[in-house]
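Structure record follows, encoded as structure tokens.
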Amino acid sequence: SAVISQKPSRDICQRGTSLTIQCQVDSQVTMMFWYRQQPGQSLTLIATANQGSEATYESGFVIDKFPISRPNLTFSTLTVSNMSPEDSSIYLCSVAETYTEAFFGQGTRLTVV
Amino acid sequence: QQQVKQSPQSLIVQKGGISIINCAYENTAFDYFPWYQQFPGKGPALLIAIRPDVSEKKEGRFTISFNKSAKQFSLHIMDSQPGDSATYFCAASSSNTGNQFYFGTGTSLTVIP
């Protein structure tokens, strides 16, 4: 199993600002995923981040709003840019080396005021 | 388009009772069906999983029932305990989906002492 550390665990941000969320994995992984979980709702995939290539974004999510970095096989960041209250959510980092093993970080609870 | 549909959205069960959460899928290419448990402030964690070649899998008080012809699967929690109070997500994946998991909308379970 993979142990995933996410920082920060929570933050309150002013609208119009940006927040960068960090995800550190205790082992080298090829595929990392970023999800958004809005209150009482399911996990919505934002993008897939593979080391050495550009992130692949799902419909409804764009790079300008959610830029992702993947500098190596153990680390990734997700930035939520120009935030509005609608961005208030839990953001989750996940890794899945096979289609039978998905592990999650503890999440970042973001509140935009 | 929700690839995995989950019900109910919330569930209240007396201690010692049976909790049942249902999921349905459309994509017949899915061949791995995990259930995740999420406590407040934590990321989802794998609880139990099943492949479509078996109709039931049991681990302690947790059982998955799988109906391939109906494209449905369910989680049964026997002798439900207050410590089981959490949000439960069903999911589906396939070797053809690039390690991507498709999650249900989640069920908030409350077990009353």
Side-chain angles (χ1 to χ4, degrees), chain A residues 1-11 21 23-25 29-51 53 55-61 78 89-111, chain B residues 1-11 21-25 27 29-54 57 64 86-110:
Chain A
S1 64
V3 177
I4 303 170
S5 300
Q6 235 181 285
K7 291 192 297 185
S9 59
R10 60 176 59 225
D11 207 341
I21 302 167
C23 179
Q24 179 74 52
V25 188
V29 294
T30 304
M31 303 187 72
M32 297 181 73
F33 302 85
W34 287 98
Y35 289 87
R36 183 173 71 184
Q37 183 179 20
Q38 294 181 308
Q41 296 192 24
S42 186
L43 308 170
T44 302
L45 182 64
I46 297 171
T48 302
N50 292 339
Q51 197 272 335
S53 62
T56 303
Y57 289 83
E58 297 298 303
S59 175
F61 298 96
L78 169 75
S89 189
I90 297 172
Y91 293 85
L92 289 157
C93 170
S94 173
V95 302
E97 283 293 80
T98 73
Y99 76 100
T100 62
E101 292 182 329
F103 303 99
F104 290 85
Q106 78 272 27
T108 296
R109 181 179 292 272
L110 170 63
T111 302
Chain B
Q1 181 184 1
Q2 190 72 31
Q3 297 243 17
V4 180
K5 296 181 179 179
Q6 183 173 346
S7 63
Q9 185 174 6
S10 63
L11 183 61
I21 305 170
N22 301 299
C23 285
Y25 65 97
N27 189 346
F30 289 142
D31 58 4
Y32 181 72
F33 302 90
W35 284 89
Y36 282 82
Q37 181 187 55
Q38 184 181 29
F39 293 105
K42 304 291 185 182
L46 178 65
L47 182 64
I48 187 173
I50 197 169
R51 292 185 184 273
D53 55 344
V54 297
K57 183 173 182 180
I64 300 178
T87 299
Y88 293 82
F89 292 96
C90 60
S93 66
S94 164
S95 56
N96 299 323
T97 59
N99 298 356
Q100 182 174 338
F101 285 69
Y102 297 87
F103 291 89
T105 49
T107 296
S108 176
L109 171 65
T110 302

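Within the 4.5 angstrom heavy-atom criterion, no atom of A/Gln6 approaches chain B. When heavy atoms are compared at a cutoff of 4.5 Å, B/Ser108 does not approach chain A at all. Contact of A/Gln38 with chain B is not made at all, since no heavy-atom distance falls under 4.5 Å. Neither the backbone nor the side chain of A/Ile90 comes within contact range of chain B; no heavy atoms are under 4.5 Å apart. Heavy-atom distances place both the backbone and the side chain of B/Phe103 under 4.5 Å from chain A. Heavy-atom distances place no part of B/Phe39 under 4.5 Å from chain A, backbone and side chain included. The parts of B/Pro44 that come within reach of chain A are both its backbone and its side chain, each placing non-hydrogen atoms under 4.5 angstrom from that chain.
B/Gln6 contributes a side-chain N or O that, together with a main-chain N or O of B/Tyr88, makes up a donor-acceptor pair within less than 3.5 Å. Under the 3.5 Å distance criterion, the side-chain polar atoms of B/Lys57 are matched with a main-chain donor or acceptor of B/Ala49. Looking only at distances, a side-chain donor or acceptor of B/Tyr36 sits under 3.5 Å from a matching main-chain atom of A/Ala102. Although no hydrogens or angles enter the test, the distance criterion places no donor-acceptor pair under 3.5 Å between the side chain of A/Ser89 and the main chain of A/Arg36.
Taking chain A as the reference chain and counting heavy-atom pairs below 4.5 Å, the highest number among B/Ala91, B/Ser94, B/Gly104, B/Ser10 is found for B/Ser94.
Side chains of A/Thr48 and B/Gln100: no donor on one and acceptor on the other come within 3.5 Å.
If you look at A/Phe104 and A/Tyr35, their ring centroids are closer than 6.0 Å.
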